[in-house]
Amino acid sequence: MRHALVRRVPDSMARGITRQRLGPPDLALARRQHEAYARALGSLGIEVTVLDALEEFPDSAFIEDVAVIHGGVAILTRPAAPERRGEVEAARPALRSRMPVRDLGRSGPGFLEGGDVLFAGRELFVGIGERTDPAGAGRLRQRLLSGDPTLTVRYVPFRGRLHLKTGLTALGPELFVGDPGLTLEGPWEFGTVRWLPAEEGHAANVLVVNGAGLFDGSSRSARTFVTDAGLRPIPLDLSEFRKMDGGLTCLSLLW
Ligand code: GLY
């Protein structure tokens, strides 16, 4: 990956959607954590563009949810959360100035958020949960396969976590790290999942980029799993985003 878009944390962050009962975020700390995240990406040779904060959209720092980038094309999503839909149009100009942009669809059924889209080698897993439904997943599948017919797209119904990647990410094509708080509603037949201890489950949201695995917190197991996968572990503290039901992968769009 050579480029990343991140979006500054708005003053309104505490008004975002969350079911966590971890208290309100400390805005100043969230901003420091966000800056450290962007610096970590920069240290991996990624050119990081920081977009302006959007005060009217408290969750807008979770920019991953508004687009899926694959094969040099960005597909703008349709968030399930009505209060997040305006974030999509807000991201359009920044994406359109960098790559071709397509829409998942502006009307009709279906919703999908980027946090449910997990690439692992030539496989793409689309989580079906509260933020992505089969119709939205089907639209993504159709758009991606028209540009890249070699991709295998699989749907993964789950519950227990906001997005699929909140609780399951890929360390390699057939190696995954999981949060036991995520329940897969079917057998997992696509490789090995290494499950974290429940109290370290948030560290399952690993961002694998340029030979490194960035994870949230000080989980020893996550460090071991990331290292065993041949990746350089980079622990970050994203406690304030966790309070808002947001993960580390949600904070950037990468290509
Ligand atoms: N706070 C992240 C989300 O609910 O979308």
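Nothing here was measured: the structure is a model prediction, and the numbers come from that model. Atoms within each ligand, like the ligands themselves, are counted from 1 in listed order.
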Item to check | Residue and atom name of the nearest protein heavy atom (relative to atom 5 (O) of ligand 1), distance in Å to one decimal | outcome: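 The closest one turns out to be Arg84 NH1, 2.6 Å.
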Next on the checklist: Is the contact between Leu162 and ligand 1 made by the side chain, the backbone, both, or neither, using heavy atoms and a 4.0 Å cut-off?
Outcome noted: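 Side chain only; the backbone of Leu162 stays clear of ligand 1.
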Next on the checklist: Heavy atoms only, cut-off 4.0 Å: how does Ile17 contact ligand 1, side chain, backbone, both, or neither?
Outcome noted: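 For Ile17, backbone and side-chain atoms both sit under 4.0 Å from ligand 1.
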Item to check | Polar side chain donor-acceptor pair, Thr150 to Arg122, under 3.5 angstrom | outcome: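 Result is yes, a qualifying pair exists.
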Checklist entry - So, Asn205 and Thr249: side-chain donor and acceptor under 3.5 Å apart, yes or no? => result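 Result is yes, a qualifying pair exists.
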Checklist entry - Between Arg31 (side chain) and Val9 (backbone), is there a donor-acceptor pair under 3.5 Å? => result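 Side chain of Arg31 to backbone of Val9: a pair is present.
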Checklist entry - How many angstroms lie between CG in Leu168 and CG in Leu184, if you round to the nearest 0.5 Å? => result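 With rounding to 0.5 Å, CG (Leu168) is 6.0 Å from CG (Leu184).
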Checklist entry - Say you draw a straight line from CD of Glu56 to CZ of Arg15; how long is it, rounded to the nearest 0.5 Å? => result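 Spacing of CD (Glu56) from CZ (Arg15) equals 10.5 Å.
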Next on the checklist: Any carboxylate oxygen within less than 4.0 angstrom of a Lys/Arg side-chain nitrogen, looking at Glu240 and Arg32?
Outcome noted: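 Salt bridge flag = no for Arg32 with Glu240.
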Checklist entry - Is the closest heavy-atom distance from Arg131 to ligand 1 below 4.0 Å? => result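 It does; at least one heavy atom falls under 4.0 Å.
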Next on the checklist: Check contact between Thr18 and ligand 1, using heavy atoms of the residue and a distance below 4.0 angstrom.
Outcome noted: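 Flag not set, Thr18 not near ligand 1.
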Does the N or O separation between [X] and ligand 1 drop below 3.5 Å for any pair?
X: Gly246; value: no
X: Glu113; value: no
X: Asp65; value: no

Checklist entry - Going by the order shown, which atoms of ligand 1 are within less than 4.0 Å of some heavy atom of Met244? => result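 Selected atoms, number and element: 1 (N), 2 (C).
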Checklist entry - Any chance CZ of Arg232 has more than 12 other-residue heavy atoms, nucleotides or ligands included, within less than 6.0 Å? => result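 No - once you tally the heavy atoms of other residues, nucleotides and ligands closer than 6.0 Å, there are 12 at most.
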